[in-house]
Amino acid sequence: MAKTNLAPEIGPTARSRGSSDSWLRRNRQTLAPWLFLAPGVIFFLFYVIFPILQSFNLSFYRWDGLGDPQFIGMDNYRELMDDRAFEVSMWNNLKWLLLYLLAIPAGLFIALFLNQTVTGIRLYKSLFFFPFVISQVVVGLVFSWFYDPTFGLLNQVLGWVGLGPLNVLGDPTLVTYGIIAAGLWPQTAYCMILYLTGLNAVDPEQVEAARLDGAKGAKMLWYVIIPQLRPATFVAFVVTIIGALRSFDLISIMTNGGPFGSSRVLSFYMFEKALSEYGFRMGYGAAIAVVLFLIMLCFIAYFLWSMYQDDKGAR
Amino acid sequence: MTKLKGTVAGLALGLGLVTSAQAELSGTLKIFSDMSNPAPRAVMEQMAEDFDAMHPNLSVELTVIDREAYKTQIRNFLTANAPDVANWYAANRMRPYVSAGLFEDVSDLWAEPAIADALASTKGAMTLDGKQWGVPYTYYQWGVYYREDIYNELGLEEPTDWESFKSNCQKILDSGRKCFTIGSKFLWTAGGWFDYLNMRTNGYDFHMALTNGEVAWTDDRVKQTFANWRELIDMGAFIDNHQSYSWQEALPFMVKGEAAAYLMGNFAVAPLREAGLSNDQLDFYQFPTINPDVERAEDAPTDTFHIPAGAQNKEAAREFLRFVVSADNQTKINGGNALGQLPVNSGSSVDDDEMLNQGFEMLSSNSPGGIAQFFDRDAPAEMASIAMEGFQEFMVFPDNLDDILSRLEKARERVY
């Protein structure tokens, strides 16, 4: 309302400047949001969309980053098809995707546990949230020491119950699970904090009403609480999926992709091929990146679609 | 400080006579260096300062870049913003830059008698396509560093042939220790073992042909190398779980006496001494003969200086390269209080250190087969990374050998 009142005051001067101004005036409702968006859109195009297209283009070339790129068509993708290291990376990515989702129920469980009024609960909450605050590099180092086959705490504990010794990070069948376990530690804390905020927003009247109807325990949780936590679950799902697909730092710190490449994932393999000390196959790295991007795109499309549906429902 | 300036000035005067025949150098000399660890950094800074003092009209600008970061940055600065002098490594590791035309051909320097004679031993490592592309400034020997006290306790001698190597190892194992420590997490340490076993089994020329892609990995001679390696693995000669350790993390096994020896470069000596091993406890021997028909060859990685093709002040850069390899400077920078490695100039003297003297002796008179760089410098980068991964797998699961070799062969057909 305020805007229409203001308009006549600045109107005459603007109109006197000519017809182009009046076009601006007529369309300012449509233009204003775009003007505000423009800086963001330009940066997004330049730093996100353009590099994605460039990667697609680069994946058709053989290039060491120095000489002239040489067009080789689909050869990089053909090579990916029977590259065993690529296959291992794909499978590991899948393991990451599935097992990383454990952070969501674990986070919910801890959040429910911490959502009470007991003396010192703030301290406990902070302690549980702590792993998310420390750097992934530190998490990786701590877990490497924990897993150390000779001096590590894990084998000490296993020794007490007559098991082990286990070389988690040196065993090609265990190594990926070992790293995922390390990754779940901070990720669970992240999901927990999302659920704690979600629990604050749970409607006490609905809980009261359900209680009057005789609901309690698991039933109460499943039919009353969890549906109200849907937004929190959605966010937890998004960050966990994205986190699983871009897992890189823990692998780099804990095993460097080893032993003999058995803990690689796509992002790490791409780094190794394109940018590491023995790499510099830019085209091949780009091809791996494209595959990873297409996998991510499936999830991103699903997220966008479901957000759009929510939006439509709300309107 | 004044004393330091005095020596610099004295040095400048002394060398001034030699260089005065040249046209006076002017402008700036930009040097990019990867000598970022404390001791090498001090050496590099001192060299830049000395050279600066020798040439009053020339100002030397030194940029030291972290050694690991340097490996990726060199690709950028060689193309975009080339310095006048840059550090790098010899052999195949310089091939990408040579083929892309980013390194200056310095064959003219190598034609000068002072350099041609004094550096003859490393000329091969600096030569690609029949031309020389840089000059070496230091190198160091590889060999077996062992616990002298353990050998004495068990009554063992330094082995010179394969049989005594293995029987020594058996006695060490019987005493409840491991023969060798190794940390293969970053793969290259396994490359060292392969280098030695292959050079002792099949000789230097075969090893070079293999790293140059001229021999199939499925060749019977390669398999023989792995068969020899397997003898050690089956004995249990290596520490358990080596795939989880870096080379530094493998040192404590030797320091604590749980393993008796380490096949390593001379750079392992300093940390071993710092960890408390005295000179009575630490000694060195040359990797023993396996096949008496082949001459012994050694690994001795060489670090180098190059002139980028895009350098602005190539005249001063050439003069700096001459300065770097001069006998006096080589003695100085490779001394025990500086790099603690071996000088490349045959006119230099080696620091009076037990290991360095043995290493120098070995490389100058006891490796008739030749001097290799190291697996990841002799083989192209891509082949090296795939192969070293295979070596690590072989050391953990020796039964996978056929699978590993066919994978390497497939990579060879594509890489070369």
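Just so we're clear, the structure is a prediction, and the values are computed from it rather than from any experiment. Only this structure's heavy atoms are used, side chains among them; waters, hydrogens and symmetry mates stay out. First the proteins, then the strands, lettered A, B, ... as listed; each starts at 1.
- B:Ser244 and A:Asn167 form a side-chain donor-acceptor contact under 3.5 Å, judged by distance and modelled atom types alone.
- If you take OG on B:Ser99 and CG on A:Leu66, they are separated by 8.5 Å, rounding to the nearest 0.5 Å.
- Taken to the nearest 0.5 Å, the CG atom of A:Leu275 stands 9.5 Å off from the CZ atom of B:Arg75.
- A donor-acceptor pair under 3.5 Å is formed between the side chain of B:Lys185 and the backbone N or O of A:Met254.
- Under the rule for a side chain to side chain contact (heavy atoms under 4.5 Å, CB included), the partners of B:Phe226 that lie at least two apart in sequence or sit in another chain are B:Phe194, B:Val222, B:Trp229, B:Phe391, B:Phe394, B:Leu401, B:Leu405.
- Every salt bridge (Lys or Arg N to Asp or Glu O under 4.0 Å) that B:Asp403 has, sequence neighbours left out, goes to A:Arg84.
- The number of heavy atoms from other shown groups lying within 6.0 Å of CZ (A:Phe71) is above 12.
- For a residue to count as touching a neighbouring chain, one of its non-hydrogen atoms must lie under 4.5 Å from one of that chain's; by this rule B:Glu389 touches chain A with backbone and side chain alike.
- Evaluation of the side chain to side chain contact (heavy atoms under 4.5 Å, CB included) rule for A:Ser263 yields A:Val175, A:Thr176, A:Ile179, A:Ile251, A:Thr255 as partners, not counting sequence neighbours.
- Within 6.0 Å of CG in A:Asp68 there are 12 or fewer heavy atoms belonging to other residues, nucleotides or ligands.
- Contacts of B:Ala100 with chain A are made by side-chain atoms alone, with heavy-atom separations under 4.5 Å and no backbone atom involved.
- A:Pro165 does not touch chain B: none of its heavy atoms, backbone or side chain, sits under 4.5 Å away.
- Using a 4.5 Å cut-off between heavy atoms, B:Ile239 does not touch chain A at all.
- Annotation for A:Phe56: atom CZ counts as buried by contact number, over 12 foreign heavy atoms lying within 6.0 Å.
- A:Phe130 CZ: 12 or fewer foreign heavy atoms inside a 6.0 Å radius.
- Atom CZ of A:Arg62 is surrounded by 12 or fewer heavy atoms from other residues, nucleotides or ligands within 6.0 Å.
- Most heavy-atom pairs under 4.5 Å with chain B: of the set A:Val168, A:Leu169, A:Asp148, A:Asp171, this distinction falls to A:Asp148.
- Contact of A:Asp83 with chain B is not made at all, since no heavy-atom distance falls under 4.5 Å.
- Counting heavy atoms of neighbouring residues, nucleotides and ligands inside a 6.0 Å radius, atom CZ of A:Phe151 exceeds 12 of them.
- In terms of heavy atoms, B:Ala381 sits closest to A:Tyr278 at O-CB, 3.6 Å.
- With a 4.5 angstrom heavy-atom cutoff, B:Met388 touches chain A only via side-chain atoms.
- Interface check for chain A: of the options B:Glu382, B:Glu249, B:His242, B:Lys410, the most heavy-atom pairs under 4.5 Å are formed by B:Glu382.
- Ranked by heavy-atom pairs under 4.5 Å with chain A, the first of B:Phe186, B:Tyr97, B:Phe253 is B:Phe186.
- Of the possible donor and acceptor atoms, one in the side chain of B:Gln392 sits under 3.5 Å from a partner among the backbone N and O of A:Phe260.
- Looking at B:Glu68, only its side chain comes within 4.5 Å of chain A, counting heavy atoms on both sides.
- Against chain B, the residues from residues 264-273 of chain A that qualify, each with a non-hydrogen atom under 4.5 angstrom away, are A:Arg264, A:Lys273 in number order.
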From CA spacing to verdict: salt bridge (Lys or Arg N to Asp or Glu O under 4.0 Å), B:Arg93, A:Glu277:
CA-CA 10 Å; B:Arg93 278 298 280 276; A:Glu277 186 178 352; 3.2 Å; yes
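- Side chain of B:Gln243 to main chain of A:Pro259: no donor-acceptor pair is present (N/O by atom type, distance under 3.5 Å, no hydrogens or angles).
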